[in-house]
Amino acid sequence: MMQQRTLGQSGLRVSALGLGCMGMSEFYGPAEDANNIAVIHRALELGVNFLDTADMYGVGHNEELVGRAIHDRRDQVILATKFGNVRGEDGSFLGVNGRPEYVRAACEASLRRLGVEVIDLYYQHRVDVTVPIEETVGAMADLVHVGKVRYLGLSEASPANIRRANAVHPIAALQTEYSLWTRDVEQEILELCQELNIAFVAYSPLGRGFLTGQITSIDALAENDVRRYYPRFQAEVFAHNMALVEGVRALAAEKGATPAQIALAWVLARWEGIVPIPGTRRIQYLEENVAATQITLSAEDLQQLDAIAPPDAVQGTRYPEGAMRAIENQA
């Protein structure tokens, strides 16, 4: 049976491991809808009930895909989506919008694409620094009051904005990148989530696939894979960062596991309020990820991993400069 965890102050019980659906539509090379729907169905069979999407993934395509996959099994799913990153029909990025009128319009569009009457967890994908977060979250709270959304979340929000948002309406979950090679949130964010009883949803818990050991060079990535432009994947730091993976691989071999399973088990062991949401387009890797929930790491294992991958181990920022600036320029 799949383990479950409580999603913060919402009280929602979700699978200890969720499924990030972003890569099924965009960013990581070619994808095929029928195959990805089969992956989602297999996830549900395995007890993975927490599905994560957003309106910007594939410019709406990912929500439509998830909607098709769950249309006859909505009662099996805790459905999360996001708004705020605005894109043109041609895929261009137009900025971040947290204005109340946009919140309402984005929600209606997501409901339509997903083919559902209510969204279980609705995130602000990025904070709009031009709009007080109280106004944005107030509009999100109105969606709860009219029954279009059940619970609210934030993504990549600063500690100050998390506190301000939570004062307007209870925040059930914060979604931010976290893995053995992205440990920034340990400085303040995780402690704040524990204090406020906010679940922490860890996206990219496998380091955008790097921690699986399957990416041997930047040239192995498809031409339209965004990781080709990410600082941590560049040739000048690749070998340094791969040394971290080799350390994880050695421990995995000792335990009869894969590097991905050890990386996921590490995230799960950090705090019972954390729910990682690795993405995949292959049933084989989905099943491998789910098996990670059965791995118990000893105190010695955790110490070894901390030594292999201390918070400053990785070279290169996790996003290109412009995207990092959008995250960091918060109050």
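One is the number of the first residue; the rest follow in order along the sequence.
- Between R87 and E26 there is a salt bridge, since at least one side-chain N of the basic residue sits less than 4.0 Å from a carboxylate O of the acidic one.
- Geometric assessment of R228 against the ring of F233 yields a negative cation-pi assignment under the 6.0 Å and 45° thresholds.
- In this structure a side-chain-to-backbone donor-acceptor pair under 3.5 Å is missing from E108 to R104.
- Ionic pairing of D142 and K148 is not present here: no N-O contact between side-chain nitrogen and carboxylate oxygen is shorter than 4.0 angstrom.
- Proximity of a side-chain donor or acceptor of E32 to a complementary backbone N or O of N35 within less than 3.5 Å is detected.
- In this structure the side chain of Y57 never reaches within 4.5 angstrom of the side chain of E63, judged on heavy atoms.
- One N or O on the side chain of Q261 and one on the backbone of E288 form a donor-acceptor pair closer than 3.5 Å.
- Side-chain N/O atoms of Y178 and E186 include a donor and acceptor closer than 3.5 Å.
- With hydrogens and angles ignored, the 3.5 Å screen pairs a side-chain donor or acceptor of Q3 with a backbone N or O of T293.
- In this structure, R208 is not positioned above the aromatic face of Y229 in the sense of NZ or CZ being under 6.0 Å from the six-membered ring centre and within 45° of the axis.
- With hydrogens and angles left out, the side-chain atoms of D33 and H61 include a donor and acceptor closer than 3.5 Å.
- Note: F27 and Y230 fail the aromatic proximity criterion, with ring centroids not under 6.0 Å apart.
- No donor-acceptor pair closer than 3.5 Å links the side chain of N62 to the backbone N or O of M56.
- For the pair E328 and R325, the salt-bridge criterion is not met [side-chain N within less than 4.0 Å of a carboxylate O].
- Here the options are L19, V66, L65, the test is side chain to side chain contact (heavy atoms under 4.5 Å, CB included), and the partner is T53; only V66 passes.
- By the 4.0 Å N-to-carboxylate-O rule, R112 lies too far from E117 to be salt-bridged with it.
- Using modelled atom types, one side-chain atom of R5 and one backbone atom of L268 make a donor-acceptor pair closer than 3.5 Å.
- In this structure, Y151 has its ring center at least 6.0 angstrom away from the ring center of H169.
- Distance alone, capped at 3.5 Å, is enough to place a donor-acceptor pair between the R183 side chain and the A309 backbone.
- Within a 6.0 Å radius of CZ in R13, more than 12 heavy atoms belonging to other residues, nucleotides or ligands are found.
- In terms of modelled atom types and a separation under 3.5 Å, the side chain of D128 and the main chain of G98 share a donor-acceptor contact.
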